[in-house]
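Structure first, then comments.
The figures that follow rest on heavy atoms only: side chains count, while hydrogens, waters and symmetry mates do not.
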Amino acid sequence: MLTKNNFFLILGCFLVYLESLCKLTSLLLHEGQIYMLIRMSYILLFILLIIFNTNKISIKWILITCFIAILSLINIILTNNLSYVVPVYFNFFTVYLGGSFFLGTEKLNFDTYLTYLNILAKFLTFLLPAYIFLYLGKYISYYDVGYVTHLNCLFLWYGYFTKEKSNSNLIFVIINLLVCLVMGSRSVFVTTLIELLITMIIFSKNKKIKFYLLVTIILGVGYYIYANLLSILINIQQISNKLGVNSRNLSLFISDLSNKQTVYDSGRDDIYPIVWDYLKKTSGLPNGVGITRFLTNGFYYHAHNFVLESLLTFGLVIGILILIFFGINYFIATKRYLSINNGRDGLLILFMTSFLIRSTVGTYFVQDSMFIFVFVMIIIRYDSNRLERVL
């Protein structure tokens, strides 16, 4: 029976997959319309979450939201580049309001929530042909395909090690990995592989002989693939070409491996020196959001690196403290999960691992939904008593 609380959890699942789901309309809508559809859908989800919420609204959530709004308003008032700053905050708050309201809800059943995410991941695996069709028709990008497969892998892999070790979960993971390899983003594919290994080590409940045997097999297969990676990728590319699929991802992988002196980095070599030079010349004070667009005359939206972007946005001292803060909370969440084994920390580890790996070369933290969800789960759902029990 679909209760009000269950529907509330289902809405929370759509928060995670919303952008990927909206991309399915690319055949009917152009890029600008899809952007507005995504933003309006986030706002609609926020309203629905309020309607179907069965708990009291957290005072802590209201206070933190007001504090963030005040800081954002100060940044907007002080900036000379409103066209760079205002859109960033608009995107941030459309994601933050629904995400923070949902994840900050008291008595939220994270175990049930992760089960629903696992089910949705299986459903979207069946919809991958639609994403492939849109990609081949150039309606969506390689990153769009890679990101939905990345999300699917996370929740399917987590479900395999914590709920049910069914072969269907493994098959779905392999399908998503192959689609990501052939049609997705290189950074997202590598991130997915690393995260699968990390979550396998953390989430495995019974680390007995079978577990270590599985790790040994994976490492052995991994070494074989590493030693023969170029020829394997060439064979996969030949197969995909015969099927009429021209894979950008495979071409870049093969090009990088064939010519080790040249690595295609999507222009990151251009932005990194600019950011470093600016950081050396400044006094380490906060610059606010949008500074990277200002430094590159609007060409780059962000620094393509979480460390650099944090130092630019928040200044040297606050930026370093934020990085240390994230590192400490990752350690705490992992240690707490190993001792308490709860869904909240499991979800936090999934999101934090994904963001931290992807952000080393790509995603803009202010507009990344996983970063926003991680921020909410650390700040709003902070539990000092549970922290003391772990430490």
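- Residue Thr199 holds its OG1 atom at 11.5 Å from CD1 of Ile194, rounded to the nearest 0.5 Å.
- Looking at residues two or more places apart in sequence or on another chain, you find a side chain to side chain contact (heavy atoms under 4.5 Å, CB included) between Met40 and Met36, Ile43, Phe90.
- Checked options Phe110, Phe351, Phe355; the residue passing with Phe373 is Phe351 (criterion: ring-ring contact (aromatic ring centres under 6.0 Å, His included)).
- Partners of Tyr139 by side chain to side chain donor-acceptor pair (under 3.5 Å), not counting sequence neighbours: none found.
- In terms of the ring pair (Phe, Tyr, Trp, His ring centres under 6.0 Å) criterion, residue partners of Phe52 (sequence neighbours excluded) are, by chain and number, Phe7.
- Under the 30°/60° scheme for interplanar angles, the aromatic rings of Phe46 and Trp61 are found to be tilted.
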In a table with atom names and distances, give each donor-acceptor pair under 3.5 Å that connects a side chain of residues 315-327 to protein atoms at least two apart or in another chain.
none

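- Under the side chain to side chain donor-acceptor pair (under 3.5 Å) test applied with Asn91, the options Tyr35, Tyr42, Tyr96 reduce to a single match, Tyr35.
- For the residue pair Ser20 and Leu151, the shortest heavy atom distance occurs at OG-CD1, 4.4 Å.
- Looking at every heavy atom in both residues, Leu177 comes nearest to Phe189 through O-CE1, 3.6 Å.
- For Tyr131, there are no ring pair (Phe, Tyr, Trp, His ring centres under 6.0 Å) partners two or more places apart in sequence or in a different chain.
- For Ala121, the side chain to side chain contact (heavy atoms under 4.5 Å, CB included) test picks out Tyr17, Asn152, Phe155, Leu156, with sequence neighbours left out.
- Taking the six-membered ring where tryptophan is involved, the planes of Phe102 and Phe8 are tilted, since the angle between them lies from 30° to 60°.
- For Leu44, the side chain to side chain contact (heavy atoms under 4.5 Å, CB included) partners two or more places apart in sequence, or in a different chain, are Leu48.
- Here the side chains of Leu9 and Leu108 are in contact, with some heavy-atom distance below 4.5 Å.
- Leu73 pairs by the side chain to side chain contact (heavy atoms under 4.5 Å, CB included) definition with Ile77, not counting sequence neighbours.
- In this structure, Tyr143 and Tyr147 have parallel ring planes: the angle between them is below the 30° cut-off, well short of the 60° mark.
- With sequence neighbours excluded, the residues that form a ring pair (Phe, Tyr, Trp, His ring centres under 6.0 Å) with Phe172 are Phe126.
- Inspection of the Thr191 and His150 side chains reveals no N or O donor paired with an N or O acceptor under 3.5 Å.
- A donor-acceptor pair is defined here as one N or O able to donate and one able to accept, closer than 3.5 Å; no such pair exists between the side chain of Glu195 and the backbone of Thr192.
- For residues 136-160, every residue pair satisfying the salt bridge (Lys or Arg N to Asp or Glu O under 4.0 Å) rule, not counting sequence neighbours, is listed here: Lys23-Asp144.
- Leu181 CG to Thr149 OG1: the interatomic distance, rounded to the nearest 0.5 Å, is 10.0 Å.
- Residue pairs meeting the salt bridge (Lys or Arg N to Asp or Glu O under 4.0 Å) criterion with at least one partner in residues 71-100, sequence neighbours excluded, do not occur; the list is empty.
- By the 4.5 Å heavy-atom criterion applied to side chains, Asp111 and Thr115 are not counted as neighbours.
- Taking Tyr113 as the reference, nothing meets the side chain to side chain donor-acceptor pair (under 3.5 Å) condition, with sequence neighbours excluded.
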